[in-house]
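Please read the structure below before turning to the comments.
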Amino acid sequence: MARCVARELVERSGVDAERLVDLLVERALGEIGNYYYYTLLRMHLVGVEGDLLRRVVDDAREEDRNHFEVLIPRIYELGGRLPATFTGELGPLGGLRNLPAEADVPEILPVLLRSAEESVRAYTHLCGITSGKDHRTYNIALAILHEEIAHQVWFLEFLGRGVAEQQIRHPRAISPFVTQFLQSQRVSAFQSHSFPA
Ligand code: ZN
């Protein structure tokens, strides 16, 4: 592998870079898997309850796509890469693959909640192993963690309160924590593509 300064710095600070990259790749695949299965799911959510859940799923779906986007540059900075082909389960929402035409909301909610809990656990772990050592990965993982906790709360609220109160849920802006990293990516892409030497 070519010499990779970011990776050397991370290793020097006491982080197992190989393990870190593996975890980041796993998360990136989990995020894009969520995006995929949320996309499938939203086509099967019908009726009043399904319609309300779809609004929550749509927000989570957009944020998980953003999580994928902000993880990728860090993986490559650390000398890692995404697998060229992928065979296997894309995250814990794979159980939603064979949905009936009308998805059963009470049956699906625990699956969504479990997946959100798994994400919260994974990003908490990533924060733990990078805290005080790899500031950049830590900041990205922490920003995603805030949003994963919000997803968990949304699904818990849906599970606990019933449909009536979902109608008064106040949506927030998409990716309030992760947007800063998306914006800095756009700026660096602009700089590298717009001003050729
Ligand atoms: Zn996510």
Side-chain angles (χ1 to χ4, degrees), residues 6-7 9-11 13-39 41 53 55-78 80 82 89-96 109-160 169-188:
R7 191 184 181 104
L9 289 172
V10 162
E11 267 167 358
S13 70
V15 176
D16 179 345
E18 195 171 335
R19 174 83 187 119
L20 177 61
V21 167
D22 285 348
L23 289 172
L24 291 173
V25 169
E26 197 178 288
R27 283 325 307 156
L29 292 174
E31 297 290 356
I32 206 65
N34 283 357
Y35 179 77
Y36 178 78
Y37 290 118
Y38 283 147
T39 306
L41 174 61
L53 182 58
R55 293 187 210 169
V56 180
V57 164
D58 278 352
D59 287 356
R61 173 176 170 267
E62 238 180 285
E63 292 197 346
D64 279 351
R65 189 193 56 196
N66 288 341
H67 300 168
F68 174 77
E69 298 276 9
V70 297
L71 286 168
I72 302 312
R74 190 56 183 153
I75 290 169
Y76 280 75
E77 280 164 21
L78 292 172
L82 285 179
E89 203 68 86
L90 277 175
L93 290 179
L96 299 178
L109 270 171
V111 181
L112 299 180
L113 194 55
R114 260 199 310 279
S115 161
E117 284 166 358
E118 193 178 309
S119 295
V120 168
R121 249 197 314 276
Y123 287 106
T124 302
H125 178 62
L126 271 170
C127 285
I129 60 174
T130 53
S131 173
K133 296 172 182 169
D134 172 0
H135 307 298
R136 181 156 157 72
T137 306
Y138 174 80
N139 286 336
I140 292 170
L142 184 63
I144 299 177
L145 176 61
H146 284 305
E147 295 182 4
E148 298 295 356
I149 289 171
H151 298 181
Q152 194 182 4
V153 170
W154 296 343
F155 294 135
L156 272 173
E157 280 178 350
F158 206 99
L159 197 66
R169 175 177 164 259
H170 300 290
R172 62 154 167 75
I174 293 294
S175 282
F177 298 96
V178 163
T179 296
Q180 53 173 323
F181 298 103
L182 288 171
Q183 279 167 349
S184 65
Q185 270 176 43
R186 282 187 201 114
V187 170
S188 58

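Every heavy atom of this structure was used, including side-chain atoms; hydrogens, water molecules and symmetry mates were not. Residue numbers run from 1 in the order of the sequence given.
Among pairs with a residue in residues 13-26, none fulfils salt bridge (Lys or Arg N to Asp or Glu O under 4.0 Å), at least two apart in sequence or across chains. Listed by first and then second residue, the side chain to side chain donor-acceptor pair (under 3.5 Å) pairs involving residues 136-147 are His67-Glu147, Arg74-Thr137, Glu77-Arg136, Asp134-Thr137, Glu147-Ser175 (not counting sequence neighbours). The side chain to side chain donor-acceptor pair (under 3.5 Å) analysis of residues 110-123, with sequence neighbours excluded, yields the pairs Arg27-Ser119, Glu31-Tyr123.
Separating the CD1 atom in Ile129 from the CG atom in Leu23 is a distance of 5.0 Å, to the nearest 0.5 Å. Distance check, rounded to the nearest 0.5 Å: CG of Leu113 to CG of Leu156 gives 4.5 Å. Atom CG of Leu41 sits about 6.5 Å away from atom CG of Leu53, to the nearest 0.5 Å. The structure places CG of Leu112 at 10.0 Å from CG of Leu159, a figure rounded to the nearest 0.5 Å. For the atom pair CG (Leu24) and CG (Leu71), the distance works out to 6.0 Å, reported to the nearest 0.5 Å. Here the CG-CD1 distance, from Leu182 to Ile174, works out to 11.5 Å after rounding to the nearest 0.5 Å.
The two residues Trp154 and Ala60 have their closest heavy-atom pair at CZ3-N, 3.8 Å. Scanning all heavy atoms of the two residues, the minimum distance from Val10 to Ala17 falls at CG1-CB, 4.4 Å. Summarising the geometry of Val120 relative to Leu145, their closest heavy-atom pair is O-CD1, 3.6 Å, with the distance given to 0.1 Å.
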Report the C-alpha distance between Gln152 and Glu148 in whole Å, list the side-chain angles of each, state the deciding distance to 0.1 Å, and finish with yes or no for side-chain contact (heavy atoms from CB on, under 4.5 Å). CA-CA 6 Å; Gln152 194 182 4; Glu148 298 295 356; over 6 Å; no
Could you go through Leu126 and Leu20, starting from their C-alpha distance and side-chain angles, then the distance that decides it, and tell me whether this counts as side-chain contact (heavy atoms from CB on, under 4.5 Å)? CA-CA 8 Å; Leu126 271 170; Leu20 177 61; 3.6 Å; yes
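Under the side chain to side chain donor-acceptor pair (under 3.5 Å) criterion, Thr39 pairs with Arg61, not counting sequence neighbours. Under the rule for a side-chain contact (heavy atoms from CB on, under 4.5 Å), His135 has no partner lying at least two apart in sequence or in another chain. With sequence neighbours left out, Asp58 forms a side chain to side chain donor-acceptor pair (under 3.5 Å) with Arg42.
Between Glu157 and Val153 there is a side-chain heavy-atom pair separated by less than 4.5 Å. Annotation: side chain of Asp64 is in contact with side chain of His151 (closest heavy-atom distance under 4.5 Å).
Evaluated for a side-chain contact (heavy atoms from CB on, under 4.5 Å) with Phe68, the options Leu82, Ile144, Leu29 yield exactly one hit, Leu82.
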